[in-house]
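Numbers restart at 1 for each chain; the letters A, B, ... are given by sequence-line order, proteins then strands. Quick caveat, the model's predicted, so the values are computed rather than measured. Side chains are part of it too, since the values below use all heavy atoms of this structure and drop only hydrogens, waters and symmetry mates.
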Protein chains: 2
Amino acid sequence: MAQAAPPKARATRPSANATRERIVVAALDLFSELSFDGATTREIAARAEVTQPLVNYHFSSKEELWFAAVDRIFAQLNDALTGRAEGLRGVDELTTAKLLIREFVYFCAAHPQLHRIITQECKTDGPRMDWLVEHHVRPVYEQTAAMLDGLVAAGHLPRVPTAHLYYILTGAAPTMFVLGPECRRLTGLDPRAPEVIEAHADAVISLLFGAERTEP
Amino acid sequence: MAQAAPPKARATRPSANATRERIVVAALDLFSELSFDGATTREIAARAEVTQPLVNYHFSSKEELWFAAVDRIFAQLNDALTGRAEGLRGVDELTTAKLLIREFVYFCAAHPQLHRIITQECKTDGPRMDWLVEHHVRPVYEQTAAMLDGLVAAGHLPRVPTAHLYYILTGAAPTMFVLGPECRRLTGLDPRAPEVIEAHADAVISLLFGAERTEP
DNA sequence: CAGGTTCCTGATCATTCGATCAGACTCAGT
DNA sequence: ACTGAGTCTGATCGAATGATCAGGAACCTG
């Protein structure tokens, strides 16, 4: 009665790495949008155009897939920011900071998944938060805090404790992009549009350091 | 073989409203921490100290319970802010704004559930986001935008488009409290401590309006 | 006291989830 | 041509979830 479906012809041998990558990309999107519990391995597999058991072939568990997805987005963040910082040796501190913050805003716009995942996992203590904070967030925090300390010491920022500056910056920069769909509906602005992203970078920088625009 | 457990004695007749309220409070906490999918009706019931079917007795579905929880937190927000605003008739615009923003920071600290839920639901289009934005967020946005417009027009804020100011404010104010557990571990600061909350309000206000402290 | 309503519980349903497993297909090495 | 490792799929498992249902206890009304 039950007729076996004919196996699909496969032109060439698949590349495991490419498939793994597709799964990680799909997982990052879905984890960040639907949360760890809300994203199902079936939906991740469907978006990656593979079958669900293949997810468990490449990753021993859903949690390990989540680790891989988070590793990926933080690697991209570090590429973007340390790459930018290295091109700025010798430039004065305030200019460097403004350019790095601008780059950070651009990154938040291009990769809202980063802060979506952080706000999902860092609300409650748990094994995933432990790993995320100690493995990825702390290094970012310490670098950022050092930069902010320098700016306060040089008088470029008001004398506000570093931790507050950090959470103000990491709240002000990404929120518009994290809540992209809400922003579109609420304000009519599309936070994916380049001119909106640039305006947001301008806004963050001018509120932190005093009014000043891209064109001096 | 199976022995029926003796029914628990119940001293007085329970109040349906009080039970409903306990369920809503538990649901708000768990929805905000674990997301809609991550929070189970059994866990909500356990925290409210009731049985799981009782949740479905008072609320026809999990989603309706979520609506009730969101209604509750927005009612608290409106109580806090409009109550504060009414005591400030006749006070000058800048002072009013500073006091309202301070009150907003206090509210974010006392009720991190608000922005936890917004960031969970407003990342993706869907029926819950539709309802949340049109029913609750839009009125808040329009009131806030009007205030911010006034501040820009009066020269108290840099000439930045309103939508950006809104997302900078609603990002900068609550993030430290939304990510409370992370903040404790990362910085050693406890964002539940009154002096930390006040320092954050000072920080947000001084970055928006220029350095100035509680004690002039 | 009789009948009805409100509030609540234990048992259980169908569904969906993450995970596992046997087997199939491709290809490199020999 | 044969073998074995690597990659992938359909079928299916146990566990957990949201929801339902029959029934029971407390209370009100007459």
Participant: Scan for side-chain hydrogen bond (donor to acceptor under 3.5 Å, both in side chains) pairs involving residues 165-180 of chain B, sequence neighbours excluded, and state none if there are none.
Facilitator: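 Residue pairs passing side-chain hydrogen bond (donor to acceptor under 3.5 Å, both in side chains), neighbours aside: Glu182(A)-Tyr167(B).
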
Participant: Measure from CG on Asn17(B) to C1' on dC8(C) and round the result to the nearest Å.
Facilitator: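 In whole Å, dC8(C) C1' and Asn17(B) CG are 15 Å from each other.
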
Participant: Would you kindly give the CZ-to-P distance between Arg42(A) and dC8(D), to the nearest whole Å?
Facilitator: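 Rounded to whole Å, this separation is 19 Å.
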
Participant: So, Gln52(B) versus Thr41(B): side-chain donor-acceptor pair below 3.5 Å or not?
Facilitator: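 Yes.
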
Participant: Rounded to whole angstroms, how far apart are CD1 on Ile44(B) and P on dA19(D)?
Facilitator: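 Checked: the CD1 to P distance equals 10 Å.
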
Participant: Quick one: Leu34(B) CG to dG18(D) P, roughly how many Å, whole number?
Facilitator: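 Nearest whole value for this atom pair: 12 Å.
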
Participant: Does the side chain of Thr19(A) get closer than 4.0 angstrom to OP1 or OP2 of dC8(D) through an N or O atom?
Facilitator: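 Indeed, a polar side-chain atom of Thr19(A) lies that close.
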
Participant: Select base, sugar-phosphate, or nothing to describe what Ala39(B) touches, counting heavy atoms under 4.0 Å on all strands.
Facilitator: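 Result for Ala39(B) = sugar-phosphate.
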
Participant: Indicate whether any N or O donor in one side chain lies under 3.5 Å from an N or O acceptor in the other, for His136(B) and Asp71(B).
Facilitator: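 A pair is found: one side chain offers a donor N or O, the other an acceptor, under 3.5 Å apart.
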
Participant: State yes or no: are the ring centers of His200(B) and Phe177(B) separated by less than 6.0 Å?
Facilitator: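 Ring centroids of His200(B) and Phe177(B) are less than 6.0 Å from each other.
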
Participant: I need the residues from residues 50-66 of chain A with at least one non-hydrogen atom less than 4.0 Å from DNA chain D; give them sorted by number, or say none.
Facilitator: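 Close to the strand are Thr51(A), Pro53(A), Leu54(A), Tyr57(A), His58(A).
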
Participant: Using side chain to side chain contact (heavy atoms under 4.5 Å, CB included), reason through Leu100(A) and Phe104(A) one step at a time and then give a plain yes or no.
Facilitator: CA-CA 6 Å; Leu100(A) 281 179; Phe104(A) 179 58; over 6 Å; no

Participant: Is a salt bridge present between Arg128(B) and Glu121(B), judged by a nitrogen-to-oxygen distance below 4.0 Å?
Facilitator: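 Between Glu121(B) and Arg128(B) there is a salt bridge, with a charged N closer than 4.0 Å to a carboxylate O.
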
